Amino acid sequence: MEFSTPIVGALIGAVVLLFGRKLFWLCVAAIGFAAGVQIAPHLVQEPSALLQLTIALVLGLIGALLALFLQKIAIAVLGFLAGGKLATVIAAAFFVQYAQYSTIIFVVGGVIGAILLLVLFDWALIVVSSLIGAHLIQSAITLPASGSTIVFIGLAVIGILVQAASLRRTRGSIA
């Protein structure tokens with residue numbers, strides 16, 4: 001049971017990595033899942049693996065329902081959450097004292113992410129879903145920091161290439 005959350009996260013990550021643009025609702029659900037994994041310890045001190053998985057799945061389900069019924073709002077929320085998370089990760093990688101500005105960094109990254117996702121939906125969704133999928137997979141694997149970074153970048157590039165090829169095939173068949 002201890003390994004259930006990382007395994008589910010990695011499986012969802014693989015699907016989002018390769019099919020995030022086509023399965024938009026799953027991409028939003030994956031972000032809800034990832035947020036649930038991170039939020040669970042703040043809601044309950046030292047949550048069990050089952051409780052953490054349950055919270056993650058509930059938030060994922062809420063994300064999927066938002067994506068299906070409120071697509072434009074879900075797009076903006078997805079962009080905001082993904083942009084905020086990505087900005088925080090980038091700040092953590094480059095700035096030692098980023099924590100005192102983490103809220104501002106998250107909000108600014110979130111606003112930029114929401115705008116980009118709304119304006120450049122297909123390409124932004126390809127990049128964002130590839131990054132999210134790569135993060136979910138990489139989080140399930142225990143590696144040294146440099147190995148983890150290499151795996152993350154490699155997976156993100158693979159996801160972008162696979163989804164870009166799929167987009168070209170889709171647009172080519174329409175024309």
Side-chain angles (χ1 to χ4, degrees), residues 3-39 56-57 59-60 63-64 66-67 71 74-96 98-99 102 105-172:
F3 299 109
S4 61
T5 303
I7 290 171
V8 171
L11 292 174
I12 292 170
V15 173
V16 170
L17 178 77
L18 301 173
F19 306 105
R21 185 185 67 82
K22 288 185 177 182
L23 300 174
F24 169 70
W25 62 271
L26 183 62
C27 186
V28 176
I31 289 177
F33 180 88
V37 169
Q38 290 185 343
I39 289 172
L57 289 173
L59 287 179
L66 274 174
Q71 187 172 359
I75 291 168
V77 169
L78 169 66
F80 183 82
L81 292 175
K85 175 69 175 162
L86 187 59
T88 304
V89 168
I90 290 170
F94 290 105
F95 304 111
V96 175
Y98 83 97
S102 63
I105 291 168
F106 187 89
V107 170
V108 170
V111 169
I112 292 169
I115 291 169
L116 281 175
L117 202 55
L118 287 167
V119 173
L120 305 167
F121 181 67
D122 280 333
W123 281 104
L125 189 54
I126 286 171
V127 171
V128 168
S129 64
S130 295
L131 293 172
I132 292 166
H135 173 69
L136 288 171
I137 294 168
Q138 173 262 326
S139 295
I141 303 169
T142 304
L143 293 172
S146 59
S148 185
T149 301
I150 291 168
V151 167
F152 175 80
I153 292 170
L155 287 170
V157 168
I158 290 169
I160 290 168
L161 292 174
V162 168
Q163 290 189 61
S166 172
L167 178 62
R168 270 189 247 113
R169 281 193 304 272
T170 304
R171 288 192 176 160

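Given the structure is predicted, the values throughout are model-derived calculations rather than measurements.
Listed by chain and residue number, F106 satisfy the ring-ring contact (aromatic ring centres under 6.0 Å, His included) test with F80 (two or more places apart in sequence, or in another chain). For S166, the side chain to side chain donor-acceptor pair (under 3.5 Å) criterion is met by K22, not counting sequence neighbours. Partners of V89 according to the side chain to side chain contact (heavy atoms under 4.5 Å, CB included) rule, which considers only residues two or more places apart in sequence or in another chain, are K85. Legend: residues meeting side chain to side chain contact (heavy atoms under 4.5 Å, CB included) with A140, ordered by chain and number and at least two apart, are P6, A10. Residues meeting the side chain to side chain contact (heavy atoms under 4.5 Å, CB included) test with F152, sequence neighbours left out: L131, A134, H135, Q138. Take L143 and apply the side chain to side chain contact (heavy atoms under 4.5 Å, CB included) test, not counting sequence neighbours, and it matches I141, S148, V151.
Residues T88 and I105 come closest through the heavy atom pair N-CG2, 3.9 Å. A pairwise comparison of heavy atoms in V128 and A82 identifies CG1-CB, 3.5 Å as the closest pair. Of all heavy-atom pairs between G159 and S130, the closest is C-OG, 3.1 Å. Pairing each heavy atom of I126 with each of S129, the nearest pair is O-OG, 3.3 Å.
In this structure, L117 CG and D122 CG are separated by 10.0 Å, a value rounded to the nearest 0.5 Å. For the atom pair I137 CD1 and I158 CD1, the distance stands at 9.0 Å (nearest 0.5 Å).
Counting only residues at least two apart or in different chains, side-chain hydrogen bond (donor to acceptor under 3.5 Å, both in side chains) contacts with residues 9-19 are absent. Within the structure, the ring pair (Phe, Tyr, Trp, His ring centres under 6.0 Å) test picks out the following pairs touching residues 108-134 (sequence neighbours left out): F24-F121.
With I115 as the fixed residue, the side chain to side chain contact (heavy atoms under 4.5 Å, CB included) test singles out one of I112, L118, V111: V111.
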